[in-house]
Amino acid sequence: MNDPSTPTPPGTCQPTGAARMLVQGLRDAVPYIREHEDHVFVLAFGGEALDEPASFERLIRDIVLIADLGVRLVLVPGARPQINRRFQAAGFEERFHGGLRVTEPEMIDPLTEAVGAVQFDVISWLSARLSLASGSGLAQRVLTGNFVTARPMGVIDGVDLGHTGAVRRVDVDGVRDALGDGSIVVQSNIGYSPTGELFNLRAEDVAESMAVALGADKLIFLTDPLDDLPTAMSLSEVEGLLDREGDKLSTEFQLHLHSAVRACSKGVDRIHLVDREVDGALLVELYTRDGCGTLITSEPYERIRPATLDDIGGILALIEPMEQAGVLVRRSREQLELETDRFVVIDRDGDIIACAALYPFPEDGTAELAALVVHPSYQGGGRAARLLGFMESRARSLGLKSLFLLSTQTMAFFRERGYADESLDRLPAERRALYNLKRNSRIFRKWL
């Protein structure tokens with residue numbers, strides 16, 4: 001900080017590197033803060049999270065921050081390791097069938113003790129953090145209740161699962177009333193039947209049922225460390241992963257993936273897998289464009305599609321720096337609006353991160369590829385090659401025999417993909433008349 005006795009002259013303040021990062025972070029986060037406000041997120045995590053107090057404290061801090069930013073949160077903590085320890089201490093032999101625990105009547109007491117202790121710990125952590133955040137003690141903002149009606153799983157393959165159950169119904173009105181009052185709702189993995197019987201439920205199934213019933217905008221699983229998973233996956237990709245490598249994944253992670261597939265197929269648009277051990281990962285996943293986890297959606301998170309008039313601003317933002325550098329020929333907004341049908345874009349969660357245009361010359365059996373641009377933050381990921389392949393396929397579908405382009409700086413990229421030098425006199429007459437001799441662009445053609 002500057003000495004107040006020697007004030008800094010106006011206009012000389014220079015933000016530090018950390019300050020500049022903060023400014024950029026705030027600019028990036030604001031659209032997501034606005035987008036997420038008043039939306040319902042269901043957030044689930046296994047009991048394993050509570051076994052790491054330091055990382056769990058950081059996680060609770062971020063959860064409270066998300067709630068303060070206006071998100072309506074439903075938390076579903078699991079208690080699998082806590083239940084296992086209670087059963088072992090009581091001398092119970094654990095039995096499973098089809099991946100489901102057999103819950104005998106004599107197991108109810110240690111089961112409820114384990115789940116109750118987890119509930120107490122989560123609510124205690126949240127209440128303490130809320131009080132610190134507000135300075136006024138807002139423990140009442142954490143609310144738990146009997147929001148889930150359960151049913152028995154019954155007898156499967158001749159095996160009676162006892163007090164192991166499934167979600168029958170979610171009290172949607174009750175949960176929404178609590179969320180509307182600004183409370184963070186905490187729902188355990190115990191449910192009751194209409195006759196008062198208690199059932200042991202999978203936390204993943206509770207979270208899935210909550211998200212579906214509430215029409216939640218997101219279902220988030222704070223899970224095991226994620227190794228080599230892409231930033232986004234479709235349902236078919238998740239199912240393929242489970243088929244190929246399911247036996248190599250932890251039980252917790254498998255359950256999260258299966259629940260994600262079911263929830264997504266039932267209408268929950270976005271399911272996120274976030275490494276619970278990475279400090280700040282949840283915030284990065286929710287409030288930055290590229291996130292810090294894996295997003296599972298029924299629709300592609302990133303796709304190539306035809307441009308629309310709504311994309312003009314995004315296309316201009318991509319090509320203007322290239323025009324200013326003299327790499328591309330200038331195009332006005334008006335020209336782009338007239339030529340929108342020539343463009344395709346790569347849409348990444350609503351942001352235009354790449355574009356290209358195709359100008360056919362049907363009488364000559366060819367087309368010009370133009371304005372192939374990828375945002376600098378997304379270069380090196382194969383997107384330019386994907387976009388080029390897409391445009392070549394589009395040209396073939398139009399019955400064209402070749403594709404040509406003019407380039408001043410990216411010759412190697414196109415040569416590596418089958419484009420060869422071409423002479424000016426081989427271009428269509430209409431395009432040849434527009435050739436700018438001052439730019440001295442190299443001409444390349446590929447026969448399709």
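Note that the structure is a prediction, hence the values are computed from the model and not measured.
Salt bridge Arg330/Glu320: absent, no basic N to carboxylate O contact under 4.0 Å. With respect to Asp109 and Arg86, no salt bridge is recorded, no charged nitrogen being found less than 4.0 Å from a carboxylate O. With salt bridges taken as basic N to acidic carboxylate O contacts below 4.0 Å, none links Glu392 and Arg417.
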Practice item. Check the pair Val274, Thr223 against side chain to side chain contact (heavy atoms under 4.5 Å, CB included), reporting the backbone distance first and the verdict last. Key: CA-CA 6 Å; Val274 180; Thr223 188; over 6 Å; no

Check your understanding: Step by step, would you call Arg276 with Asp62 a salt bridge (Lys or Arg N to Asp or Glu O under 4.0 Å)?
Key -> CA-CA 11 Å; Arg276 63 171 178 262; Asp62 291 346; over 6 Å; no

Practice item. Test side chain to side chain contact (heavy atoms under 4.5 Å, CB included) on Arg101 and Asn200 and set out the steps. Key: CA-CA 9 Å; Arg101 188 193 299 273; Asn200 180 22; 3.9 Å; yes

Check your understanding: Hey, mind stepping through Glu337 and Ile312 against side chain to side chain contact (heavy atoms under 4.5 Å, CB included) and telling me if it holds?
Key -> CA-CA 7 Å; Glu337 290 175 353; Ile312 296 299; 4.2 Å; yes

Check your understanding: How far apart are the C-alpha atoms of Arg129 and Asp68, what are their side-chain angles, what is the distance that settles it, and do they pass the salt bridge (Lys or Arg N to Asp or Glu O under 4.0 Å) test?
Key -> CA-CA 11 Å; Arg129 192 69 207 179; Asp68 283 341; over 6 Å; no

Point to revise | His272 and Ile220: CA distance, side-chain angles, deciding distance, side chain to side chain contact (heavy atoms under 4.5 Å, CB included) verdict | key: CA-CA 5 Å; His272 298 257; Ile220 304 165; 4.2 Å; yes

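A distance of 5.0 Å separates SG in Cys355 from CG in Leu318, rounded to the nearest 0.5 Å. Summarising the geometry, atom CG belonging to Leu100 is positioned 6.0 Å from atom CG belonging to Leu161; distances are rounded to the nearest 0.5 Å. Atom CG in Leu282 sits 9.5 Å away from atom CZ in Phe41 (nearest 0.5 Å). Atom CZ of Arg95 is separated from atom NE2 of His97 by 10.0 Å, given to the nearest 0.5 angstrom. Atom OG1 of Thr103 is separated from atom CD1 of Ile108 by 6.5 Å, given to the nearest 0.5 angstrom. A distance of 8.5 Å separates CD in Glu239 from OG in Ser234, rounded to the nearest 0.5 Å.
Residues Phe56 and Ala49 approach most closely at CB-O, 3.5 Å, considering heavy atoms. Shortest non-hydrogen contact noted between Ala260 and Ile271 is CB-CG2, 3.5 Å. The two residues Cys264 and Ile296 make their nearest non-hydrogen contact at SG-O, 4.3 Å. In terms of heavy-atom proximity, Ala385 sits nearest to Phe413 at N-CZ, 3.9 Å. Between Gln254 and Leu249, the shortest heavy-atom distance links the atoms NE2-O, 3.0 Å. For Arg331 against Leu316, the heavy-atom pair with the smallest separation is O-CD2, 4.2 Å.
The neighbour count for Arg34 CZ, taken as heavy atoms of other residues, nucleotides or ligands under 6.0 Å away, does not exceed 12. Heavy atoms of other residues, nucleotides or ligands lying less than 6.0 angstrom from CD of Glu93 number 12 at most. Within a 6.0 Å sphere centred on CZ of Phe120, other residues, nucleotides and ligands contribute 12 heavy atoms or fewer.
By the salt bridge (charged side-chain N to carboxylate O under 4.0 Å, His left out) test, Arg80 is found to be paired with Glu204, residues two or more places apart in sequence or in another chain being considered. Residues passing the side-chain contact (heavy atoms from CB on, under 4.5 Å) test with Ser377, sequence neighbours excluded: His375.
Put simply, the side chain of Ile319 does not reach to within 4.5 Å of the side chain of Val329, judged on heavy atoms. Inter-residue side-chain proximity for Met210 and Val268 is flagged as unmet; no heavy-atom pair is nearer than 4.5 Å. Between Leu219 and Phe221 the shortest side-chain heavy-atom distance falls below 4.5 Å. The closest side-chain heavy-atom distance from Val74 to Leu179 is below 4.5 Å. The closest side-chain heavy-atom distance from Leu50 to Val122 is below 4.5 Å. The shortest side-chain heavy-atom distance between Leu59 and Ile63 falls under the 4.5 Å cut-off. You'll find the side chain of Arg141 stays beyond 4.5 Å of the side chain of Val64, heavy atoms only. A heavy-atom distance below 4.5 Å is not found between the side chains of Lys248 and Leu241.
For the pair Thr294 (side chain) and Pro230 (backbone), a donor-acceptor distance under 3.5 Å is present. For the pair Glu285 (side chain) and Cys292 (backbone), a donor-acceptor distance under 3.5 Å is present. Here the side chain of Gln187 pairs no donor or acceptor atom with the backbone of Leu75 at under 3.5 angstrom. In this structure, Asp181 contributes its side chain and Ala178 its backbone to no donor-acceptor pair below 3.5 Å. A distance-only check finds a donor-acceptor pair linking the side chain of Gln82 to the backbone of Gly47 [under 3.5 Å]. Judged by distance alone, with hydrogens and angles left aside, the side-chain atoms of Ser183 form no donor-acceptor pair with the main-chain N or O of Val185 at under 3.5 Å. Judged purely by atom type and a 3.5 angstrom limit, Glu52 has no side-chain atom pairing as donor or acceptor with the backbone of Glu277. Between the side chain of Asp269 and the main chain of Asp217, no donor-acceptor pair closer than 3.5 Å is present. A donor-acceptor pair under 3.5 Å is absent between the side-chain atoms of Asp311 and the main chain of Gly314, judged by distance alone. Proximity of a side-chain donor or acceptor of Ser193 to a complementary backbone N or O of Arg151 within less than 3.5 Å is not detected.
Screening residues 369-390 for salt bridge (charged side-chain N to carboxylate O under 4.0 Å, His left out) gives Glu302-Arg383, Glu302-Arg386 as the qualifying pairs, with residues at least two apart or on separate chains. Listed by first and then second residue, the side chain to side chain donor-acceptor pair (under 3.5 Å) pairs that reach into residues 69-79 are Asp38-Arg72, sequence neighbours excluded.
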Pairs under 3.5 angstrom only: tabulate donor-acceptor contacts from the side chains of residues 142-150 to other protein residues two or more places apart or in another chain.
unit_1: Thr144; atom_1: OG1; unit_2: Gln119; atom_2: NE2; d: 3.1
unit_1: Thr144; atom_1: OG1; unit_2: Val186; atom_2: O; d: 2.6

For residues 166-176, which side-chain N or O atoms pair as donor and acceptor with protein atoms under 3.5 Å away, sequence neighbours left out?
unit_1: Asp171; atom_1: OD1; unit_2: Gly174; atom_2: N; d: 3.0
unit_1: Arg176; atom_1: NH2; unit_2: Leu214; atom_2: O; d: 2.2

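Ring geometry for Tyr287 versus His36: interplanar angle over 60°, hence perpendicular rather than tilted (30 to 60°).
Using modelled atom types, one finds no donor on one side chain facing an acceptor on the other under 3.5 Å when comparing Lys218 with His39. Judged by distance alone, the side chains of Thr410 and Ser407 do bring a donor and an acceptor atom under 3.5 Å apart. Gln335 and Glu339 are linked by a side-chain donor-acceptor pair at a separation below 3.5 angstrom, with hydrogens and angles left out of the test.
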